[in-house]
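For reference, the structure is listed below as structure tokens.
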Amino acid sequence: MDKRSGIIGLVVLVIAAVMILSGCASPTTVTPTPTTKPFTLVEMTGADPPSLDPGLEYDTACYSLTQNVYETLVWYEGKDVTKPVGLLATGWESNDNYTVWTFYLRDNVKFHDGTKFNASAVKYTFDRGVLMNNPNGPWVGAGITSLLKGGDEWMASNGTEADVQAYLANEAVKVINETTVQFTLSRSYPDWYHILAFPATAIVSPTAEMTNMPYTPNNYSDTYYKEHMCGTGPFKFVSWAHEDKLVFERNNDYWRTPAKAERVVVRNVPDVNSRRLAFERGECDFSQENIRNLPVFNNSSKVVIDIQNDTLMISFIGLNMARWPFNDTRMRQAFVESFDYQTYRNEVAYGYGALPHGVVPKGLGGYNESIPTSQYNPEHAKQLMKEVLDEKGYTASNPLTVTIAYNEDNAGRAAGAVMLADTINKYGLPIKVETQPLKWATFLDKQKKGDLDIFWLGWQADFPTADNFLGPFAVSDMFFAKQVGYKNETIDKLYDEYFLAKTQDERNRICYEIQMGLLNDNPYIVYLQPASMYVMNKDLKGYQWNVMLSGFYWYPMYKE
């Protein structure tokens, strides 16, 4: 997901009891300072989300909105992702091998349509996520479907009604009573509660969808929740004028203290200078910005800038191995060695962020500084590239053209794309590297379909575990690996062994081996563990940050 430092360990090492009970605390209730009159908060963003359906989209532009309208069963206490607490759940327990999990739910919670939140709504949400079966969506991409009993069989089936009933017969999600739901997994997974903090598992109103446009299995092209929202959160969806604005209003029946903001308007303003002027005129309260935009806001007396360096994010460039020329390992290595990593960090990212050691970010178990960072080596890159181009017969009059695509509102990616293209174009070889900015939704659509030579993205943790990076990047049937056509049978087997490991040391060893194998195969240019930058009106109060949030959480925010 283009999506977040806490150190997280596996509970299997410290819990010996047959049953565990955890998450019994509630998230801290924030009661903002009262204001004298109603007010509206205005957020500005650089792009529209692809849609509003948390069960289909794998994208922070979507989640930055849904996390304010929907709620998950679990969240975290303050900034600390080592302390999961109940949100819509009040507690949970597991059997001794972490394959059966029972969650106890909060009572007297209502969806925005007035219907009751209960265990049936949880089952509906989870069955929906699995049965829609979006191959590029979060349930498949993050491995949630595979973790649920019968999920792999469903994905491998023909998707008939009989296959639907066969999956449901597994009772991977079972209603025990109104306030108790049970999950049965396909394998031991001690970190299941972390997955239930992932925005894709946010609980949707069954009634709102079924009344208006029921979802159907294997259909992810059109759903009611792509254009509408109905959750239990502190804000309710009002309207969406595409490429213009989204409007939300306070949920006055919220189960916690209602938010102080009466309305939130999220405006699509692609030009960063226009966003800066809006702050100066008092027309914008907050925006998340690319670090490249720091100089635009640095001298403004109207804003406060918060830069968070301890993210759980990896910035990378995908090399499409399913397309020429990146099906040649020499060409992939040449592109990896043509990127000037240190210069990018110093000049484009202004010294923020860190050069990554593998795809597991610093802050997670499995991070290993002994994994080498990728190195800029233009002379060797030129030599490799020349070998390939000569073999294929390219000449100055018939050059190879390669296009680097990125989302048009991202100044950092634009600068990096130009940097990489200029380096290779100056080699004097029969290759022409071009750059192509695209609207975010268009970019994602082309990237997921495999229509791009090179795609420039970032990955923010869905949940704070190493496997959330190993799987999507390295495992052949998972998210980015599938999209770039990467398959390494040794790595696939190691990933299966990762979940059977009995100790954290053993998991760390496997994690190291997977990342070293990935490094040798070069399906990606992994160039930065970036910082996040948030810009706010100096009069804004109540801002809170958590490494797992996608953008801003509106609930505690207010203006005096």
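Everything numeric in this text was worked out from a predicted model, so none of it was measured.
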Report the C-alpha separation of Leu364 and Phe469 in whole Å, then their side-chain angles, then the decisive distance to 0.1 Å, and conclude whether the side-chain contact (heavy atoms from CB on, under 4.5 Å) test is met.
CA-CA 10 Å; Leu364 293 183; Phe469 289 83; 3.6 Å; yes

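- A distance of 8.5 Å separates OH of Tyr553 from CD of Gln67, quoted to the nearest 0.5 Å.
- Panel note: side chain Asn118, backbone Ala121; a donor-acceptor pair is recorded below 3.5 Å.
- Judged by distance alone, with hydrogens and angles left aside, the side-chain atoms of Thr180 form no donor-acceptor pair with the main-chain N or O of Asn177 at under 3.5 Å.
- Under the 3.5 Å distance criterion, with hydrogens and angles disregarded, a donor-acceptor pair is assigned to the side chains of Ser370 and Asn368.
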Ring pair (Phe, Tyr, Trp, His ring centres under 6.0 Å), that's the test. Do Phe480 and Phe473 meet it? Break it down for me.
CA-CA 5 Å; Phe480 292 123; Phe473 280 102; 5.5 Å; yes

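- Under 4.0 Å is where a charged nitrogen must lie from a carboxylate oxygen, and between Asp222 and Lys226 no such pair does.
- At distances below 3.5 Å, at least one donor-acceptor pair connects side-chain atoms of Asp163 with backbone N or O atoms of Thr160.
- Inter-residue side-chain proximity for Tyr225 and Val204 is flagged as met; some heavy-atom pair is nearer than 4.5 Å.
- Salt-bridge annotation for Arg330 and Glu391: present, with a side-chain N of the basic residue lying under 4.0 Å from a carboxylate O of the acidic one.
- Asn97 and Thr99 are linked by a side-chain donor-acceptor pair at a separation below 3.5 angstrom, with hydrogens and angles left out of the test.
- For the residue pair Trp440 and Asp59, a side-chain donor N or O sits within less than 3.5 Å of a side-chain acceptor on the partner.
- Residue Leu105 holds its CG atom at 8.5 Å from CD1 of Ile203, rounded to the nearest 0.5 Å.
- A 4.5 Å side-chain heavy-atom check between Pro217 and Tyr167 finds every atom pair outside the cut-off.
- Taking each heavy atom of Leu528 and Tyr352 in turn, the nearest pair found is CD1-O, 4.2 Å.
- Each of Asn134, Thr216, Asp53 was scored for a side-chain hydrogen bond (donor to acceptor under 3.5 Å, both in side chains) with Thr223, with one residue passing: Asp53.
- Between Asn522 and Leu319 there is no side-chain heavy-atom pair separated by less than 4.5 Å.
- A donor and an acceptor atom, one from each side chain of Asp445 and Thr442, are nowhere located under 3.5 Å apart.
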Yes or no on side-chain contact (heavy atoms from CB on, under 4.5 Å) for Ser338 and Met385, after CA distance, side-chain angles and deciding distance?
CA-CA 10 Å; Ser338 296; Met385 210 171 279; 4.3 Å; yes

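- Under the 3.5 Å distance criterion, the side-chain polar atoms of Ser186 are matched with a main-chain donor or acceptor of Leu147.
- With 3.5 Å as the limit, one finds no donor-acceptor pair spanning the side chains of Glu57 and Tyr63.
- For the atom pair OG1 of Thr102 and NZ of Lys174, the computed distance is 10.0 Å after rounding to the nearest 0.5 Å.
- Residue Asp453 forms a salt bridge (Lys or Arg N to Asp or Glu O under 4.0 Å) with just one option from Arg332, Lys446, Arg323, and that option is Arg323.
- Aromatic rings of His194 and Tyr189 (six-membered ring for Trp) have centroids beyond the 6.0 Å cut-off, not under it.
- For the residue pair Thr465 and Asn468, no side-chain donor N or O sits within less than 3.5 Å of a side-chain acceptor on the partner.
- Between atom CD of residue Glu337 and atom CD1 of residue Ile424 there is a gap of 11.0 Å, rounded to the nearest 0.5 Å.
- Between the side chain of Asn407 and the backbone N or O of Lys439, no donor-acceptor pair lies under 3.5 Å.
- Ring geometry for Tyr527 against Phe339 counts as tilted: the plane angle lies between 30° and 60°, on a 0 to 90° scale.
- Summarising the geometry of Gly353 relative to Arg345, their closest heavy-atom pair is O-NE, 2.7 Å, with the distance given to 0.1 Å.
- Side-chain N or O atoms of Tyr70 include one that pairs as donor or acceptor with a backbone N or O of Cys230 at under 3.5 Å.
- Trp192 places a side-chain heavy atom less than 4.5 Å from the side chain of Ile144.
- A donor-acceptor contact shorter than 3.5 Å links the side chain of Gln529 to the backbone of Thr311.
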I would like to know whether Asp310 and Lys362 meet side-chain contact (heavy atoms from CB on, under 4.5 Å); could you show each step before the answer?
CA-CA 8 Å; Asp310 295 327; Lys362 184 178 182 180; over 6 Å; no

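- Note that CE of Met210 and OH of Tyr124 are 5.0 Å apart. Values are rounded to the nearest 0.5 Å.
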One pair to check against side-chain contact (heavy atoms from CB on, under 4.5 Å): Ile314 and Tyr524. What are the steps and the verdict?
CA-CA 11 Å; Ile314 290 293; Tyr524 313 100; over 6 Å; no

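- For Pro49 against Leu65, the heavy-atom pair with the smallest separation is CG-CD1, 3.8 Å.
- In summary, of the residues considered (Asp521, Asp477, Asp492), a salt bridge (Lys or Arg N to Asp or Glu O under 4.0 Å) with Lys487 occurs for Asp492 alone.
- Taking CD from Gln515 and CD1 from Ile371, the interatomic distance works out to 3.5 Å, rounded to the nearest 0.5 Å.
- In this structure, Trp75 and Leu549 have side chains that are in contact, with non-hydrogen atoms separated by less than 4.5 Å.
- Residues Gly366 and Val360 come closest through the heavy atom pair C-CG1, 3.9 Å.
- Checked against Tyr58 for a ring pair (Phe, Tyr, Trp, His ring centres under 6.0 Å), the options Phe479, Tyr220, Trp139 give a single hit: Phe479.
- Panel note: side chain Asn320, backbone Gly450; a donor-acceptor pair is recorded below 3.5 Å.
- Residues Val484 and Phe326 are not in side-chain contact: their nearest non-hydrogen atoms beyond the backbone lie 4.5 Å or more apart.
- Side-chain contact check for Pro325 versus Val388: every heavy-atom pair is 4.5 Å or farther apart.
- Between Tyr498 and Tyr495, the ring planes lie parallel to each other; the angle is under 30°, not in the 30° to 60° tilted range.
- Panel note: side chain Trp92, backbone Tyr193; no donor-acceptor pair is recorded below 3.5 Å.
- Side chain of Asn68 to backbone of Phe552: a donor-acceptor contact under 3.5 angstrom is found.
- Listed here is the closest heavy atom pair of Met313 and Ser532: CE-OG, 3.0 Å.
- Shortest non-hydrogen contact noted between Ile491 and Leu518 is CD1-N, 3.7 Å.
- A 4.5 Å side-chain heavy-atom check between Thr184 and Asn170 finds every atom pair outside the cut-off.
- Note on Lys493 versus Glu497: no salt bridge recorded, every NZ/NE/NH1/NH2 to OD/OE distance being 4.0 Å or above.
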